[in-house]
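Here is the structure we will look at.
On a predicted model such as this, the values are computed, not experimentally measured, just so you know. Note that the numbering runs from 1 along the sequence shown for the chain. Both ligands and their constituent atoms are indexed starting at 1 by order of listing. Below, all heavy atoms of this structure are taken into account, side chains as well, without hydrogens, waters or symmetry copies.
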Amino acid sequence: MMHELENNSYPVHREYLIQLAKKYGTPLYVYDSCKIKKQYMKMKNAFTGIENLIINYACKANTNINILKFLQNLGSGLDTVSIQEVELGLKAGFHPKRIIFTPNCVSIQEIKKAVDFGVRINLDNLSILEQFGGYYPDYAIGIRINPHIMAGGNYKISVGHIDSKFGISYYQIPHMKRILKNTGLKIEGFHMHTGSDILDIQAFLSGAKVLFKIAIDFPNLDYIDFGSGFKVPYTKNDIKTDLTSLSSSMTEEVDNFCKNYGSKITFIFEPGKFIVSESGYFLVSVNVIKHTTSTVFAGVDSGFNHFLRPMFYDAYHCIENISNPNGRFRFYTVVGYICESDTFGLNRKVKEIREGDILCIKNAGAYCFSMSSNYNSRYRPSEVMIFKGKDFIIRRRETMQDLIRNIVYIQHM
Ligand SMILES: *Cc1c(COP(=O)(O)O)cnc(C)c1O
């Protein structure tokens, strides 16, 4: 179905989502490419004060190759954390030099593969740095610095504090310099990433200051990468990272640094959630309404095998009953069909839910499909992308074949 262009975009109407649920079945992920583009442009436009600023989409948020391609066409680079993400990025058409590989606790073998692919490599521990320098003294690398900042919406996603496993501590810079001297290895960039869902822009600014302090001693760097952690709203009046005030303070810091630094340098942000979270809608069908002594449950055809964030991070995702817009509000606990507690939303005010209704879970574009599994031997959902006003299936629903593809049978059992 073609949509009218409203405010330069194709709005995702409730009726349209219902049509998609009918056409492709549930559970179903739907991504609105217009929203992805809007978010990409919003970030790009917020930082126009910084010359040579690029955006590297952090693809672990959502690695569907169509989304990677879409962002590549917009001019984005790519932030990757595994060699498989690197390969997906290359398949999507990213130039190797537009891909930064920032692994944590991976083997030197995996890093060697990244060298073979020719992508940029960003190391975060001294042991691997020393080994790497022994093998590839001429392959300039980036260094992930741990700026010792506690930031992020949840301890699991706070990755820049002093006891975090990520990054090389800035107190270890003397040791890092010794390794560089001993191996002849060159540094092309410095990087930090302190967490996800960061509200306090001070976390970005303090981190940037730490990077600048270190970088000033390294002439001819290619880039300084400020990482990500931009918070998006999960509800109507939810707070989000204030890009405008971040941009003005950040631009000032960057200007000061550039004056002292001399040579030209690229600055990078690597948002994942900010780019894709709000573009996604997760559609599920209600299988059963069940009353207990205290609660009305709405049980849906999905669970934490498909959508883990509420259970793993206590994340709040809006839930709407899109098939009963005129119903009156009632209270429900929306749960999945997994044989373990898997609550999507506790005691939520939702338009009256009937068996067979379709619920829409919002902010489903980031860390949703990409964290899905086959637990309970369920198929993972299919994915649809709305592109130029039309819907395209971008991942088929799985089948029994997918579940047993790699099984090897023991003969004569
Ligand atoms: C996960 C990750 C990001 C993206 O974080 P968001 O909160 O999704 O923006 C960026 N950089 C690195 C190194 C990451 O691991």
Are the aromatic rings of [X] and [Y] close, with centres under 6.0 Å apart?
X    : Y    : result
F269 : F230 : yes
Y375 : F304 : yes
Y170 : H148 : yes
H317 : F282 : no

Where do F47 and F267 land on the ring pair (Phe, Tyr, Trp, His ring centres under 6.0 Å) test, with the steps shown first? CA-CA 10 Å; F47 292 99; F267 296 96; over 10 Å; no

Answer side chain, backbone, both or neither: which part of H193 comes under 4.0 Å from ligand 1, heavy atoms only.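 The part of H193 near ligand 1 is the side chain, not the backbone.
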
Is the contact between A58 and ligand 1 made by the side chain, the backbone, both, or neither, using heavy atoms and a 4.0 Å cut-off?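 The side chain, only.
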
May I ask you to list the atoms of ligand 1 that are less than 4.0 angstrom from any heavy atom of [X]?
X    : result
P271 : 9 (O)
S228 : 4 (C), 5 (O), 6 (P), 9 (O), 10 (C)
G272 : 4 (C), 6 (P), 8 (O), 9 (O)
K273 : 6 (P), 8 (O), 9 (O)

Looking at ligand 1, is there an atom of it that comes within less than 4.0 Å of some heavy atom belonging to Y367?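 Yes.
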
Does at least one non-hydrogen atom of G229 fall below 4.0 angstrom from an atom of ligand 1?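 In this structure, G229 qualifies as a contact of ligand 1 - some heavy atom is under 4.0 Å.
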
Is there a polar contact between ligand 1 and K60, counting only N or O atoms under 3.5 Å apart?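 Yes, there is a polar N/O contact under 3.5 Å.
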
Hey, are R380 and D402 close enough for a salt bridge, meaning a charged N less than 4.0 Å from a carboxylate O?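 Looking at D402 together with R380, the answer is no, because their closest N to O distance does not fall below 4.0 Å.
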
Scan R395, R397, R396 and name whichever one has a side-chain hydrogen bond (donor to acceptor under 3.5 Å, both in side chains) with S382.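 Among R395, R397, R396, the one meeting side-chain hydrogen bond (donor to acceptor under 3.5 Å, both in side chains) with S382 is R397.
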
